[in-house]
Q: 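Here it is, the structure in full.
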Amino acid sequence: MAAPVTPPRGMRDFLPNEKAIREHALGTIRRIFAAHGFDEIETPVMEDSARLHSGLGGDNEKLGFAVLRRGLSPADVAAAAESGDILSLADLGLRFDLTVPLARFYASHRAELPAVFRSIQIAPVWRAERPQKGRYRQFVQCDIDIIGEAGPLAEIELISATTAALDALGLDGCSVRINDRRILASLLAHWKVAPELAERALITIDKLDKIGVSGVVTELDGLGVDIDGIADTLEVMPGLGWDAAAPAWLDHSAYADLKALRDALPASKLVFDPTLVRGMGYYTGTIFEIAHPELGYSLGGGGRYDGMIGRFLGTEVPACGFSIGFERIVDLLGATGTVDTDAVVLVHEKDADPARLVALKAELVASGLRVRLERRTKNLKALLDRAAAAGYGRYAFVTPETGPPGSLQFRPLGESAHHH
RNA sequence: GUGGGUAUAGCUCAGCUGGUAGAGCGUCCGGUUGUGGUCCGGAAGGUCGCGGGUUCAAGCCCCGUUACUCACCCCA
């Protein structure tokens, strides 16, 4: 206990049963995304430090793990400390999302990609936050993105594929909250919020369902926003559904676009929520988020980020993406507990001949079985219970008298097999 | 970054008003069973997170610290 044997804070080991659940879920998501016409790619876990920080707001920079330049001298460190630019000591950083790397990837490989590129990325990202329930410092995101499609078809395909994946995983009760940055912009214009306060004002609006109208007004007041008339607007916002009469301040063009999305996606549960904001600063149009009634945090999210590719490429390319928060999904999935009757355990005496055991095993493996050798222990029950928990469905004893595989007497494993 | 809770055997946890460190499970050994998932007995395994302090005496009280965890902030 003296030596630290735990993984780094917020990062986790996965035991065999946990790993099996994760791989099963990953396989499901991958299969659905591929069925919807997306192609999987992979990018490095690190990106150029300056590039990572070019695509988002100032607060998010603190969340990035930076990687020190190799071969730094004490003089380099002292110089950086003196200039106050500590980040200059780092030239690389671990990615904190998959969108910035994708934009870099697309800019690098555009010539080799179709005009409209549909990508899948399933990979870990890192954020230096304080861990808690549903939040880790290393976590897997499952992203699909469509680059090169400016119209609503991109949003429709993304939401359709994502909700199909959630359905395939057996997750009930999920809904997709949806809004548009243009609607938020029209709201800020209506309130005459100064541009330099816009980002923080939006984050405050996002909290409406948690801190209420008076809480939002108080916080906006603290930011220096003129709060005259704001409470009246806030009162009606949560009630704005699909069919309510839109207030004058609301961007009617964007609202009509969202309604068209809703009409095109009858199978997905879309909920219009004008208070939905989302943190990443690069979104320009539609934004969406997966909500679950039992959870205070989202299971995923995404939106349109038409400006980002242009920052890497020079020419503007429209883009839209949707990300599933894999860890939060897995936390919702129970143990699968599948027992495989084609998986068998051979229990042998401790002095059994290894050559004979492995030959017997090889014959069974060749016949299509999954085979595990276990040395007989005093506590046979514990051994067999562990095997059953690992998914093995049958077992047999190997004794000196055991002949060919056909002479093995297999018995069922598992809770229902205790009385024989 | 802010606040709460927790820290004792490999695991889950007891430990009274401060007085020699405990149980269950697991592991190992002996017997029982003899085609076996039963039962009986025994053993190994602990700097009580770490460092100070109070006391004749600290797992227990006080201070600090670290880790884990929950919540806030923010986010997937």
Side-chain angles (χ1 to χ4, degrees), chain A residues 1-12 15 56-64 95-99 121-143 162 166 199-200 202-204 206-207 210-211 215 219 276-281 288-292 295-303 321-332 345 347-350 374-389 392 394-402 407-420:
Chain A
M1 210 163 278
V5 294
T6 53
R9 175 197 292 270
M11 306 188 187
R12 296 169 297 162
L15 292 163
L56 42 98
D59 261 16
N60 293 312
E61 292 193 3
K62 289 186 296 190
L63 301 179
R95 63 187 175 208
F96 44 76
D97 72 6
L98 297 174
T99 306
Q121 289 185 94
I122 298 177
V125 302
W126 292 265
R127 291 183 195 171
E129 297 181 280
R130 181 105 92 175
Q132 66 186 67
K133 190 178 191 64
R135 163 181 298 174
Y136 309 96
R137 279 153 65 115
Q138 173 178 324
F139 59 98
V140 169
Q141 289 192 316
C142 306
D143 277 32
T162 298
L166 295 176
E199 197 71 23
R200 279 183 292 166
L202 288 178
I203 289 171
T204 299
D206 196 26
K207 291 188 244 177
K210 282 184 181 173
I211 63 178
E219 213 170 299
L276 175 67
V277 173
R278 300 204 40 80
M280 294 303 182
F288 27 78
E289 201 164 275
I290 305 167
H292 191 277
L295 266 37
Y297 46 77
S298 75
L299 294 176
F322 207 152
S323 173
I324 292 179
F326 182 69
E327 314 299 341
R328 294 179 173 180
I329 299 285
V330 169
D331 286 350
L332 281 180
V345 176
V347 181
H348 58 87
E349 302 302 325
K350 98 175 105 173
E374 289 282 9
R375 187 172 58 198
R376 169 88 149 99
T377 57
K378 187 78 181 174
N379 193 341
L380 189 61
K381 177 169 161 48
L383 187 157
L384 296 178
D385 283 349
R386 275 195 300 270
Y392 286 82
R394 294 184 294 160
Y395 78 101
F397 289 100
V398 179
T399 67
E401 291 75 39
T402 302
S407 68
L408 290 167
Q409 294 182 7
F410 285 107
R411 294 152 188 277
L413 277 173
E415 288 177 24
S416 58
H418 275 256
H419 33 276
H420 37 277

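Chain A is the first sequence line, chain B the second, and so forth, proteins listed ahead of strands; every chain is numbered from 1.
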Q: To the nearest Å, how far apart are A/Lys210 NZ and B/A71 P?
A: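 In whole Å, B/A71 P and A/Lys210 NZ are 11 Å from each other.
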
Q: Is any N or O donor-acceptor pair between the side chain of A/Arg130 and the base of B/C70 shorter than 3.5 Å?
A: no

Q: Heavy atoms from C-beta onward define the side chain here; which of B/C68, B/C74, B/C75 lies closest to that of A/Arg127?
A: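 For the A/Arg127 side chain, the nearest candidate turns out to be B/C75.
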
Q: Taking CZ from A/Arg137 and P from B/A76, how many angstroms apart are they, rounded to a whole number?
A: 17 Å

Q: Starting at CG of A/Leu202 and ending at C1' of B/C74, how long is that distance when rounded to a whole Å?
A: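 That distance rounds to 15 Å.
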
Q: Distance between the P atoms of B/G49 and B/A7, in whole angstroms?
A: 8 Å

Q: Send over the distance from A/Gln121 CD to B/A76 C1', rounded to a whole Å.
A: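 Whole-Å distance recorded here is 15 Å.
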
Q: Between A/Arg137 and A/Arg9, is there a donor-acceptor pair closer than 3.5 Å when you use the side chain of the first and the backbone of the second?
A: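 It does hold such a pair.
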
Q: Kindly indicate whether the side chain of A/Val347, heavy atoms from C-beta on, has any atom under 4.5 Å from the side chain of A/Phe397.
A: yes

Q: Whole-Å distance between B/G26 P and A/Leu384 CG?
A: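 Answer to the nearest Å: 13 Å.
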
Q: Could you work out the separation of B/U55 and B/G19 based on their C1' atoms and round it to a whole Å?
A: 12 Å

Q: Mind checking if A/Leu299 touches a base, just sugar-phosphate, or nothing, with heavy atoms under 4.0 Å?
A: sugar-phosphate

Q: Output a table of nitrogen or oxygen pairs between the protein and nucleotides 4-7 of chain B separated by less than 3.5 Å.
A:
none

Q: Given B/A76, B/G37, B/U35, which nucleotide is nearest the side-chain atoms of A/Gln141?
A: B/A76

Q: For nucleotides B/U12 and B/G53, find the distance between their C1' atoms and express it as a whole number of Å.
A: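 Comparing C1' positions in B/U12 and B/G53 gives a spacing of 33 Å.
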
Q: Which residues pass the salt bridge (charged side-chain N to carboxylate O under 4.0 Å, His left out) test with A/Glu199, sequence neighbours left out?
A: none

Q: Take the protein atom CE of A/Met11 and the nucleotide atom P of B/C68, then report the distance between them rounded to whole Å.
A: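 Computing the A/Met11:CE to B/C68:P distance gives 11 Å.
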
Q: Pairs counted only when both distances fall under 3.5 Å, Watson-Crick or G-U: show me the 5' to 3' dot-bracket for RNA chain B, [ ] for pseudoknotted crossings and | for other-strand partners.
A: (((((((..((((.....[..)))).(((((.......))))).....(((((..]....))))))))))))....

Q: Kindly point out which of B/C74, B/A67, B/U35 is positioned nearest to the side chain of A/Arg9?
A: B/A67

Q: Using a 4.5 Å cut-off on heavy atoms from C-beta on, say whether the side chain of A/Ile122 contacts that of A/Phe326.
A: no

Q: Is there a stack between A/Phe139 and B/A76, judged by ring centres under 5.5 Å and planes under 30°?
A: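 Here the ring of A/Phe139 and the base of B/A76 are stacked, with centres under 5.5 Å and planes under 30°.
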
Q: Looking at A/Arg328 and A/Gly134, would you say the former's side chain and the latter's main chain have a donor-acceptor pair under 3.5 Å?
A: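 Confirmed, A/Arg328 side chain pairs with A/Gly134 backbone.
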
Q: Expressed as a whole number of Å, how far does the P atom of B/U6 sit from that of B/C60?
A: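 B/U6 and B/C60 have their P atoms separated by 14 Å.
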
Q: Between B/G26, B/C73, B/C74, spot the one nearest the side chain of A/Gln132, thanks.
A: B/C73

Q: Quick check: do A/Leu383 and A/Arg375 have side-chain heavy atoms less than 4.5 Å from each other?
A: no

Q: Quote, to the nearest angstrom, the P distance that separates B/A9 from B/G18.
A: 23 Å

Q: Between B/C73, B/A76, B/G37, which one does the side chain of A/Lys207 approach most closely?
A: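 The listed nucleotide nearest to A/Lys207's side chain is B/C73.
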
Q: Mind checking if A/Phe326 touches a base, just sugar-phosphate, or nothing, with heavy atoms under 4.0 Å?
A: nothing

Q: Is the distance from OP1 or OP2 of B/U27 to the nearest side-chain N or O of A/Asn379 less than 4.0 Å?
A: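 Yes, within the criterion.
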
Q: Going by the rule salt bridge (charged side-chain N to carboxylate O under 4.0 Å, His left out), which residues pair with A/Arg135 if we only count those two or more places apart in sequence or in a different chain?
A: A/Glu129

Q: Given side chains that start at C-beta, do those of A/Phe139 and A/Val125 come closer than 4.5 Å, heavy atoms only?
A: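 They are in side-chain contact.
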
Q: How many angstroms lie between CD1 in A/Ile329 and CG in A/Leu299, if you round to the nearest 0.5 Å?
A: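 Here the rounded value is 4.5 Å.
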
Q: At under 4.0 Å between heavy atoms, what does A/Leu380 touch on the DNA or RNA strands: base, sugar-phosphate, or nothing?
A: sugar-phosphate

Q: Could you list the residues that satisfy side chain to side chain donor-acceptor pair (under 3.5 Å) with A/Lys207, not counting sequence neighbours?
A: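 Checked A/Lys207 against side chain to side chain donor-acceptor pair (under 3.5 Å); matches are A/Glu219.
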
Q: Using a heavy-atom cut-off of 4.0 Å across all strands, would you classify A/Ser323 as base, sugar-phosphate, or nothing?
A: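 A/Ser323: no heavy atom of the nucleic acid under 4.0 Å.
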
Q: Could you give the distance separating B/C61 and B/C48 at their C1' atoms, to the nearest angstrom?
A: 16 Å

Q: Roughly how far apart, to the nearest Å, are B/A67 and B/U27 at atom P?
A: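 34 Å, rounded to whole Å.
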
Q: Between A/Glu327 (side chain) and A/Val140 (backbone), is there a donor-acceptor pair under 3.5 Å?
A: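 Side chain of A/Glu327 to backbone of A/Val140: a pair is present.
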
Q: From the list B/G26, B/U2, B/A67, which nucleotide is the closest neighbour of the side chain of A/Arg386?
A: B/G26

Q: How long is the line joining CD of A/Glu129 and C1' of B/A76, in whole Å?
A: 9 Å

Q: Donor-acceptor pair, A/Glu289 side chain versus A/Ser298 backbone, under 3.5 Å?
A: no

Q: Taking atom CG of A/Asp331 and atom NZ of A/Lys133, what is their separation to the nearest 0.5 Å?
A: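 Answer for the CG-NZ pair, A/Asp331 versus A/Lys133, is 7.0 Å.
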
Q: Can you tell me how far OG1 of A/Thr204 sits from CD1 of A/Ile211, rounded to the nearest 0.5 angstrom?
A: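 Rounded to the nearest 0.5 Å, the CD1-OG1 separation comes to 6.5 Å.
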
Q: Within this structure, what is the CZ-to-C1' distance between A/Arg328 and B/C75, rounded to whole angstrom?
A: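 Value for this atom pair: 6 Å.
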
Q: Find which nucleotide of RNA chain B each of A/Glu327 and A/Pro8 is nearest to by heavy atoms, and output the residue with the more 5' nucleotide.
A: A/Pro8

Q: Could you go over nucleotides 30-33 of chain B and give all protein N or O partners under 3.5 Å, atom names and distances?
A:
from: B/G31; atom 1: N7; to: A/Lys378; atom 2: NZ; distance (Å): 2.7
from: B/G31; atom 1: O6; to: A/Lys378; atom 2: NZ; distance (Å): 2.7
from: B/U32; atom 1: O4; to: A/Lys378; atom 2: NZ; distance (Å): 3.1

Q: Take atom C1' in B/G59 and the same atom in B/C39, then report the distance between them in whole Å.
A: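 Their C1' atoms lie roughly 36 Å apart.
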
Q: Is a donor on one side and an acceptor on the other found under 3.5 Å between the side chain of A/Arg95 and the backbone of A/Pro124?
A: yes

Q: Taking the minimum atom-to-atom distance to the side chain of A/Glu401, which one of B/C74, B/G37, B/U35 wins?
A: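 Closest nucleotide to the A/Glu401 side chain: B/U35.
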
Q: Can you tell me which nucleotide in B/U27, B/C74, B/C70 comes closest to the side chain of A/Ala382?
A: B/U27

